[in-house]
Engineer: 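First the structure, which I've put down as structure tokens, then a few questions once you've had a look.
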Protein chains: 2
Amino acid sequence: MFAALGDPTRLAIFDRLADGKPRSISTLSDDADMTRQAVTKHLRVLESAGLVQNHRVGRESQYAFCPDQLAQARAYLDQVAGRWESALMRLKTFVEDDDS
Amino acid sequence: MFAALGDPTRLAIFDRLADGKPRSISTLSDDADMTRQAVTKHLRVLESAGLVQNHRVGRESQYAFCPDQLAQARAYLDQVAGRWESALMRLKTFVEDDDS
DNA sequence: TCATTACGCAACCAAAAAGTTGCATTAATT
DNA sequence: AATTAATGCAACTTTTTGGTTGCGTAATGA
């Protein structure tokens with residue numbers, strides 16, 4: 001998941017789709033300075049990371065933002081931050097105890 | 001930053017350092033099934049992403065958790081989630097207006 | 001002092017990732 | 001029916017990345 005967002009191109013696409021509007025591959029390719037195939041590959045990566053969803057309509061395949069994994073990433077970061085905070089707390093307590 | 005956490009080995013190291021205790025390179029290498037040099041490289045990547053800090057003490061260099069960038073990542077994800085939420089709101093309003 | 005421990009640097013290698021090109025296919029348009 | 005627009009598939013090239021090995025150096029300890 002972090003790996004999927006780790007590429008600047010993919011992060012840009014992801015960021016762009018965060019407004020909720022689904023977009024076709026060619027639409028997304030238009031203002032990316034690379035081939036449609038390259039964009040397609042990136043979209044597949046984002047999709048298999050669960051960050052984006054695809055469904056085909058007519059002759060074009062629409063990619064849309066998918067919030068589930070995003071929430072999971074936030075939860076993980078929160079958990080890490082929590083561990084760090086409580087470690088700080090223990091350190092503070094230790095220092096205070098030592099001080100008395 | 002996402003790229004730095006995108007590698008499983010680096011994520012493991014980062015996660016391990018989240019308890020606040022600084023650790024030396026060799027300590028971190030001991031229970032990683034790879035060379036010390038490989039671990040060193042990963043630590044450098046984490047450091048240049050601002051996720052970890054290094055300071056040398058005696059003959060060993062201690063790497064410690066660094067919360068700043070973590071907070072920034074959380075802020076970004078929150079912002080994206082926020083955009084998504086408000087997009088949902090607008091859609092809901094639109095549907096309701098359309099419904100009346 | 002001499003061995004050992006912890007590290008840095010640089011070259012090297014293999015595998016994966018990013019991107020391209022060419023061609024085939026399906027759907028929409030006229 | 002013929003053309004065009006949107007995509008898929010596959011092979012290929014080029015960088016990047018993850019990892020190793022070899023060697024040199026600074027700090028520790030006996």
Side-chain angles (χ1 to χ4, degrees), chain A residues 1-66 69-70 73 76, chain B residues 1-66 69-70 73 76:
Chain A
M1 224 237 53
F2 286 130
L5 293 182
D7 181 83
T9 304
R10 280 195 295 265
L11 186 59
I13 295 177
F14 176 74
D15 198 80
R16 185 146 171 238
L17 287 175
D19 65 357
K21 298 183 192 147
R23 289 176 179 82
S24 73
I25 296 181
S26 36
T27 299
L28 289 169
S29 310
D30 280 342
D31 38 22
D33 52 347
M34 70 185 70
T35 320
R36 169 184 59 89
Q37 302 294 346
V39 174
T40 301
K41 281 195 183 179
H42 285 303
L43 285 170
R44 297 252 170 89
V45 173
L46 286 172
E47 185 183 14
S48 67
L51 292 166
V52 134
Q53 257 175 341
N54 167 338
H55 81 115
R56 187 120 184 205
V57 40
R59 70 177 158 184
E60 58 189 31
S61 80
Q62 308 267 73
Y63 280 86
F65 188 84
C66 182
Q69 292 298 312
L70 178 64
Y76 172 73
Chain B
M1 225 238 53
F2 287 130
L5 293 182
D7 181 81
T9 303
R10 281 194 296 263
L11 186 60
I13 294 177
F14 176 74
D15 198 82
R16 186 150 170 234
L17 288 176
D19 65 357
K21 298 182 191 146
R23 290 175 179 83
S24 74
I25 296 181
S26 36
T27 300
L28 289 169
S29 309
D30 280 340
D31 39 22
D33 51 348
M34 70 184 71
T35 319
R36 169 184 60 89
Q37 302 294 347
V39 174
T40 301
K41 280 195 183 178
H42 285 304
L43 285 170
R44 296 253 171 88
V45 174
L46 285 173
E47 185 183 16
S48 67
L51 292 166
V52 134
Q53 257 175 339
N54 167 342
H55 81 115
R56 187 125 184 198
V57 40
R59 69 177 159 183
E60 58 190 32
S61 80
Q62 308 266 80
Y63 280 87
F65 188 83
C66 183
Q69 292 299 312
L70 178 63
Y76 172 72

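Chain letters run A, B, ... following the sequence lines, proteins first, then strands; residues in each count from 1.
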Engineer: Expressed as a whole number of angstroms, how long is the span from A:E60:CD to D:dA5:P?
Structural biologist: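 It is 13 Å, rounded to the nearest whole Å.
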Engineer: Within a strict 4.5 Å, meaning less than it, do heavy atoms of the A:Y76 and B:L11 side chains meet?
Structural biologist: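 They are in side-chain contact.
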Engineer: Does a side-chain heavy-atom distance below 4.5 Å link B:L70 with B:F14?
Structural biologist: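 Heavy-atom side-chain distance check passes, below 4.5 Å.
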Engineer: Which heavy atom of A:P22 sits nearest to which heavy atom of A:A64, and what is that distance?
Structural biologist: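 For A:P22 versus A:A64, the nearest heavy atoms are CB-CB, 3.9 Å.
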Engineer: Please work out which residues in residues 10-43 of chain A have a non-hydrogen atom less than 4.0 Å from an atom of DNA chain D and list them by number.
Structural biologist: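 Close to the strand are A:S24, A:I25, A:S26, A:R36, A:Q37, A:T40.
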Engineer: Taking atom CD of A:Q53 as the centre, does the number of heavy atoms from other residues, nucleotides or ligands within less than 6.0 Å exceed 12?
Structural biologist: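 Counting other residues, nucleotides and ligands, CD of A:Q53 stays at 12 neighbours or fewer.
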Engineer: Please examine the side chains of A:R16 and A:D31, heavy atoms only from C-beta on, and report whether any two atoms are closer than 4.5 Å.
Structural biologist: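 The answer is yes; the side chains approach within 4.5 Å.
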Engineer: Give, for atom OG1 of A:T40 and atom OH of A:Y63, the distance between the pair rounded to the nearest 0.5 Å.
Structural biologist: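 Answer for the OG1-OH pair, A:T40 versus A:Y63, is 6.5 Å.
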Engineer: Does A:V45 reach the side chain of A:K41, with side-chain heavy atoms less than 4.5 Å apart?
Structural biologist: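 With C-beta onward as the side chain, the pair stays apart.
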Engineer: Using a 4.0 Å heavy-atom cut-off to protein, can you give one letter per nucleotide of nucleotides 25-30 of chain D, 5' to 3': B if the base is in contact, S if only the sugar-phosphate is, - if neither?
Structural biologist: --BS--
Engineer: Quickly work out the A:Q62 CD to D:dG8 P distance and round it to whole Å.
Structural biologist: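 So the two atoms are 12 Å apart, to the nearest Å.
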Engineer: Rounded at 0.5 Å granularity, tell me how far CZ in B:F2 sits from CE in A:M1.
Structural biologist: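 Nearest 0.5 Å value for the CZ-CE distance: 6.5 Å.
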Engineer: Any side-chain heavy-atom pair from A:L5 and A:L51 closer than 4.5 angstrom?
Structural biologist: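 When only atoms from C-beta onward are counted, A:L51 and A:L5 do touch, with a gap below 4.5 Å.
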Engineer: Any side-chain heavy atom of A:L28 within less than 4.5 Å of one from A:L43?
Structural biologist: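 A:L28 vs A:L43: side chains touch.
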Engineer: Please list, in 5' to 3' order, the outermost nucleotides of DNA chain C lying under 4.0 Å from any heavy atom of chain A.
Structural biologist: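 Nucleotide range in contact with chain A: C:dA18 to C:dA28.
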